[in-house]
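Single-structure report; data block below.
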Amino acid sequence: MSRGIFITVEGLDGCGKSTQIGLMREYLAQKGFEVLMTREPGGTKISEKIRELLLDARNKEMNSTTELLLYAAARSQLVAEVIKPAVNEGKAVICDRFMDSTFAYQGFGRGLDLKLLADINNVAVDGMTPDVTFFFDLDPETALKRRLGSSKADRIEAEDMEFHRRVYEGYKKAASMFPGRIRTVDAGRSIEEIAADVRKILDDLISQVRR
């Protein structure tokens, strides 16, 4: 059995990730893949419990290092229980957020040491580097306005605009550091225009894995 593919999706809340993930799933299924969708933090019983702690707006006293370690713990469980087995079984895995969120949110947003983050991420992902990462690029003002217009803010979304601007700069920095893996997609356009770009990138990836 051939190895599957591992796709991660990044961007600020409100950038349109969820819509595009659904379209990716449909497209990959049409291409013959069994598709598994998951999310961070979450995706397993243990990781979903950690998600509740991390996003609960009442947990305002949580310090940045605690936050970092909880995200890493949730990621480690998701990789071991879901992502690695599925990819090894030949499935296409789409994960809403992964290791680049740590770089952007805890590194640039919280100001934690980037070397520390890299070391912790390396342990948590256990060698499961994404085959491709989509960064849906939308400015923080527009993204947050969209997100808060649809539901109540969680603990991370409730941070001030300067925090979200730093996170955005973190994503831009990550994309510049890993242009081969992180593919930047302009998320300020129509759903179909964005999806067309995504399909082209997916076609390239599929052709590589099926050689």
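Quick caveat, the model's predicted, so the values are computed rather than measured.
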Self-check item: Rounded distance (nearest 0.5 Å) linking atom CG of Asp96 with atom CD of Glu40
Solution: 9.0 Å

Practice problem: Could you state whether Val79 and Leu36 fall into the same hydrophobic cluster, counting links through intermediate Ile, Leu, Val, Met, Phe, Trp or Tyr residues with side-chain heavy atoms under 4.5 angstrom apart? | Solution: yes

Quiz item: Same cluster or not: are Val132 and Phe6 linked, directly or through other Ile, Leu, Val, Met, Phe, Trp or Tyr residues, by side-chain heavy atoms under 4.5 angstrom apart?
Solution: no

Quiz prompt | Short N-O contact, Glu141 and Arg165, less than 4.0 angstrom | solution = yes

Exercise. Determine whether Met99 and Leu116 fall in the same hydrophobic cluster, where Ile, Leu, Val, Met, Phe, Trp and Tyr are linked whenever their side-chain heavy atoms lie under 4.5 Å apart.
Key: no

Quiz prompt | Minimum side-chain heavy-atom gap Phe134-Thr8 below 4.5 Å | solution = no

Quiz item: With sequence neighbours excluded, what pairs up with Tyr171 under the ring pair (Phe, Tyr, Trp, His ring centres under 6.0 Å) test?
Solution: Phe135

Quiz item: Regarding Ser207 and Asp204, is there a side-chain donor-to-acceptor distance under 3.5 Å anywhere?
Solution: no

What pairs of donor and acceptor atoms, side-chain ones from residues 176-188 against any protein atom, are under 3.5 angstrom apart with sequence neighbours left out?
unit_1 : atom_1 : unit_2 : atom_2 : d
Ser176 : OG     : Lys173 : O      : 2.7
Arg181 : NH1    : Asp100 : OD2    : 2.8
Arg181 : NH1    : Thr133 : OG1    : 2.7
Arg181 : NH2    : Asp100 : OD1    : 3.0
Asp186 : OD1    : Gly188 : N      : 2.9

Quiz item: Taking side chain as C-beta onward, heavy atoms only, is Leu138 less than 4.5 Å from Lys17?
Solution: no

Quiz item: Do NZ/NE/NH1/NH2 and the carboxylate oxygens of Arg51 and Asp154 come within less than 4.0 Å?
Solution: no

Quiz item: Can you tell me if Ser101 and Glu10 form a side-chain donor-acceptor pair at under 3.5 Å?
Solution: yes

Quiz prompt | Reported OG-to-CE distance for the pair Ser76 and Met128, which is rounded to 0.5 angstrom | solution = 12.5 Å

Practice problem: Please step through salt bridge (charged side-chain N to carboxylate O under 4.0 Å, His left out) for the pair Asp56 and Arg58, ending with a clear verdict. | Solution: CA-CA 5 Å; Asp56 190 334; Arg58 295 170 296 180; 2.8 Å; yes

Quiz prompt | Side-chain donor or acceptor of Arg166 paired with backbone N/O of Gly109 under 3.5 Å | solution = yes

Quiz item: Hey, are the side chains of Arg189 and Asp197 touching, using non-hydrogen atoms and a 4.5 Å cut-off?
Solution: yes

Quiz prompt | Test side-chain hydrogen bond (donor to acceptor under 3.5 Å, both in side chains) applied to Arg75 and Thr102, step by step | solution = CA-CA 10 Å; Arg75 180 167 303 140; Thr102 295; 2.8 Å; yes

Quiz item: Between the side chains of Glu67 and Ser64, does any donor sit under 3.5 Å from an acceptor?
Solution: no

Quiz item: What do the steps show when you test Lys115 against Asp119 for salt bridge (charged side-chain N to carboxylate O under 4.0 Å, His left out), and what is the final call?
Solution: CA-CA 6 Å; Lys115 174 64 166 56; Asp119 290 342; 2.8 Å; yes

Quiz item: Can you tell if the side chain of Tyr27 reaches within under 4.5 Å of the side chain of Val35, non-hydrogen atoms only?
Solution: no

Practice problem: Report yes if the side chains of Leu117 and Gln106 come closer than 4.5 Å at any heavy-atom pair, otherwise no. | Solution: yes

Quiz prompt | Basic-acidic side-chain contact under 4.0 Å: Glu48, Arg39 | solution = yes

Exercise. Begin from the C-alpha positions of Ile7 and Phe98 and carry the test side-chain contact (heavy atoms from CB on, under 4.5 Å) through to its verdict.
Key: CA-CA 10 Å; Ile7 299 163; Phe98 197 58; over 6 Å; no

Quiz item: Is the backbone of Gly14 close enough, under 3.5 Å, to the side chain of Arg146 for a donor and an acceptor to pair up by distance?
Solution: yes

Exercise. I would like to know whether Arg110 and Glu159 meet salt bridge (charged side-chain N to carboxylate O under 4.0 Å, His left out); could you show each step before the answer?
Key: CA-CA 11 Å; Arg110 302 296 189 202; Glu159 293 286 349; 2.9 Å; yes

